[in-house]
Each structure stands twice: as structure tokens, then as C-alpha cells.
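Take a look at the structure below.
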Amino acid sequence: MSKLGNLGARLHRGEVGYDFVKNRKIWYGLSILITITAIVGLAVRGLNMGIEFEGGAVFNTPKNTSASVSQAEEYAEQASGHDAIVQKLGDGSLRIQVAGIDTDAANTIKNTLAGDLKVDSEQINAELVGPSWGEQIANKAWQGLGIFLVLVVIYLAIAFEWRMALAAFVALIHDITITVGIYALVGFEVTPGTVIGLLTILGYSLYDTVVVFDSLKEQTKDITKQTRWTYSDIANRSINSTLVRSVNTTVVALLPVAGLLFIGGGVLGAGMLNDISLSLFVGLAAGAYSSIFIATPLVADLKEREPQMKALRKRVLAKRAQSAAKGDTEVHGDDESYDGEPEDAAPAVVGPRNQPASRTRGRGRPSGKRR
């Protein structure tokens, strides 16, 4: 078994683990800092809305145009008086986008570009994009996002409970805010591909969260019938037992997205790939983070406010203090899984895990062997 697989098995059995819930204030503070940075970036710089949302014109030059991207961008900005975005396509043609112009201005710019690029104006294909189309896309996206969030909250409240639904909702808002803020800070163009990527990451984020919630629900059945673990102990165990799985699925999902972002968008210059790949890359990473460091610790915080969980915590801490006073070292929730033991179950004693059975079995009794 590989080292990572062995670590996953030990985490699942509770032999090792990290106390995520205990250090939740650190994760909350870090998330608040990142979220504030994203909001400030969004407020100061704003989003670089694409031509689909602002309206304008797109000019496609003939194949194997001799002008470079920088030269075509300079020509387009001089001809239009607006910022231009130029992309070199695989066949050697150029795609020039100029936002905020009307039909008359588009015809003038087309003729000017033809002279600067030394091509026939009839060879340049001009397409006008109205802002109403982008507005319709934005409205549909907001409607889809709202319906999705409502259905998610209802489903999680029915399948689990309202506290888990609330925590998942907070995690989703956290992921969306960070992704949109990164777009504002980086300055990437927001296109319909961006909207598609943004809606896609919600499913990934929700998947990781539900995996942990399902483990937590299973392990907290009849939790009040025992006095060995608090709800936070079991919540922390649920995170650790699914940690390697969450990391593996996130890494596998991030690898092809990173290829699109850094190789397709950065090396090959395929700017259209940046629109969807950046939202997917940031959203997947933020979703994995929020499911581990935000959603489950928040559920533990909410559950610990219940009278039953408060009473359970008092009983657990009292029993641990009593065991410590007697010199006994009790195994806590991070060391051994909760399997619904009755309240009067004898506490386990920590000792060498791989101690041979012959040292403890049959001591002081006949071995049973015939002489």
C-alpha cells in the first residue's frame, strides 16, 4: 500500500488525525480575510465584463494575417478610441473585440482596420453584439443560482438537518465570493464561459461537503447514549476520515483544469480558455477548502449550542477529568471511532497497538498444552 493510502487508512481508523474543529477560529479568520480581500478587489477594480455583456463588435481578419497581436490591438484602439482585445486563432487569423460601439462606428473601424492591416475590407467579417443578449444571460444565471441555492438548502435540511443546510449555504457563498473576487483582482474578462464555470463549481463544492456530512450523520447516531465523545470530537473524526478522499478528488479535478489555465491560456494564448478555466480552478480549490475548514466546523459550532449537546459535553469532560484523577488515560474521539457504545461502556486504555497477544493472554492460567 502506498504511503498516501496507508495515511488514509490510519485517518479513517482514527490512529492519526488533526484537530480541525478545535482550530476553527483560525480557519474562520483566514476565510474572513480572504473574503474581505475579494470584496475589496471587486469594489475597487470591478469586473472586466466581456463584449457579450457590454455590447460591441467582433472583427475576424483573413487567415495568415501578417500583423502581430500587439500591432492589431494598437490599430483597433486608434481606430475606435476604445480598448480592444485581440486573440490570434489557430489558422493565423485575428479576432478583434471592441466594446461599446454601434453599427456606424463598426463600419468605420472595419474600413480603417482593413487599411492598417493591408487587406480587403470585404475579407474582414464584422459581427455586432447587443448588450441585451448579455443581460439576458446574466439574468438567467442569477435565476439559476438562486434556484440552485434554494433547492440545495431544502434538500440538505430534509436529508440531514437545517444546521448542515445552513453551513453548506455559507460555504457555497464563500466559494462564489472568492472566485468572483479573484476575477476582479486578476482582471480576466467575464464571458458566458465564466458564468458556466461559476455554476459548475457549485456542484463540486457541494459534493465534498455532503461527503463529510454523510459521515458525520452516520457517526452521530445515538450520540447522547455515551460519554466518551462530544459532537465536536466526532465532527473532527468525520473530517479526518474523509480527508484523503477529498484531497484526491480535488487534485484529480484540478490537474486538467490547470492544463487549460496555464498551458492553454498562458502558453498557447487561447484567451477564451481563461474565462472558464480560472473560475473552475479557483472554485474547485475554494470548495475543497470550505468543505473541510468551514462547513463541518460551523455545523459543530451550531450543534454544540443545543441543550442536549451542552449536557453531553459536560458529562464527557467530567468523565475525562475523573479518569485523569484516577491516573487513567482515556481514548478520545480522535483516537477511536464512535460506534454507538452505551453510556456505561468501559473506557479504552491507551497502550501499544501492536502488542503481541501472547504477552497478555492466558497470563496466570495454565497454557492448556499437554506435557
Side-chain angles (χ1 to χ4, degrees), residues 8-9 11-14 17-21 24 27-28 31 35 144-179 196-223 229 231-254 257 279-306 309 333 337-340:
L11 285 168
H12 183 75
R13 292 192 299 265
Y18 180 79
D19 201 341
F20 294 95
V21 177
R24 60 190 179 278
W27 319 130
Y28 293 166
S31 295
T35 304
L145 177 61
I147 294 173
F148 175 82
L149 292 177
V150 170
L151 293 178
V152 164
V153 171
I154 294 175
Y155 169 76
L156 292 179
I158 296 174
F160 298 99
E161 60 172 300
W162 69 267
R163 295 169 186 82
M164 292 185 177
L166 178 60
F169 177 80
V170 172
L172 288 176
I173 297 300
H174 167 273
D175 300 340
I176 295 174
T177 304
I178 290 178
T179 305
I196 294 172
L198 189 63
L199 295 177
T200 303
I201 64 173
L202 301 180
Y204 283 98
S205 175
L206 188 63
Y207 170 79
D208 286 338
T209 303
V210 169
V211 167
V212 182
F213 283 178
D214 185 66
S215 175
L216 180 57
K217 178 184 177 182
E218 184 67 25
Q219 295 189 52
T220 52
K221 290 181 178 179
D222 300 326
I223 184 177
W229 295 278
Y231 190 93
S232 295
D233 291 335
I234 301 178
N236 189 68
R237 172 56 188 265
S238 298
I239 299 175
N240 281 279
S241 63
T242 59
L243 181 62
V244 173
R245 177 180 178 179
S246 297
V247 171
N248 285 338
T249 55
T250 302
V251 170
V252 170
L254 281 176
V257 176
S279 61
L280 288 175
F281 187 85
V282 176
L284 288 173
Y289 170 85
S290 64
S291 64
I292 296 173
F293 297 96
I294 302 298
T296 307
L298 183 57
V299 171
D301 267 341
L302 295 174
K303 288 291 291 185
E304 292 287 3
R305 298 174 185 271
E306 292 184 352
M309 296 302 134
S337 63
Y338 166 63
D339 54 3

Return the [atom1] to [atom2] distance between [X] and [Y], rounded to the nearest 0.5 Å.
X      : Y      : atom1 : atom2 : result
Asp175 : Thr35  : CG    : OG1   : 9.0 Å
Leu172 : Leu149 : CG    : CG    : 6.0 Å
Thr220 : Trp229 : OG1   : CH2   : 13.5 Å
Ile292 : Asn240 : CD1   : CG    : 9.5 Å
Ser290 : Asp208 : OG    : CG    : 8.0 Å

Within the 4.5 Å heavy-atom criterion, are [X] and [Y] side-chain neighbours or not?
X      : Y      : value
Phe160 : Asp214 : yes
Leu145 : Ile176 : yes
Leu199 : Phe148 : no
Pro297 : Ile239 : yes
Tyr28  : Leu298 : yes

For the residue pair [X] and [Y], what are the closest heavy atoms and their distance?
X      : Y      : value
Ala235 : Thr296 : O-CG2, 3.9 Å
Tyr231 : Leu216 : OH-CD2, 3.3 Å
Thr179 : Gly283 : OG1-CA, 3.6 Å
Asn236 : Phe20  : OD1-N, 2.6 Å
Ala295 : Ala167 : O-CB, 3.4 Å
Ala288 : Thr250 : CB-OG1, 3.3 Å

Keeping Ser241 on the side-chain end and Ser238 on the backbone end, is there a donor-acceptor pair under 3.5 Å? yes
Output yes when a side-chain donor or acceptor of Ser215 lies under 3.5 Å from a complementary backbone atom of Val212, and no otherwise. no
Parallel under 30°, tilted from 30 to 60°, perpendicular over 60°: which one fits the rings of Tyr289 and His174? parallel
Just to verify, which of Arg163, Met309, Glu161 counts as forming a side-chain contact (heavy atoms from CB on, under 4.5 Å) with Leu302? Arg163
Begin with the C-alpha distance, continue with both residues' side-chain angles, and end with the deciding distance and a verdict on side chain to side chain contact (heavy atoms under 4.5 Å, CB included) for Val282 and Ile201. CA-CA 9 Å; Val282 176; Ile201 64 173; over 6 Å; no
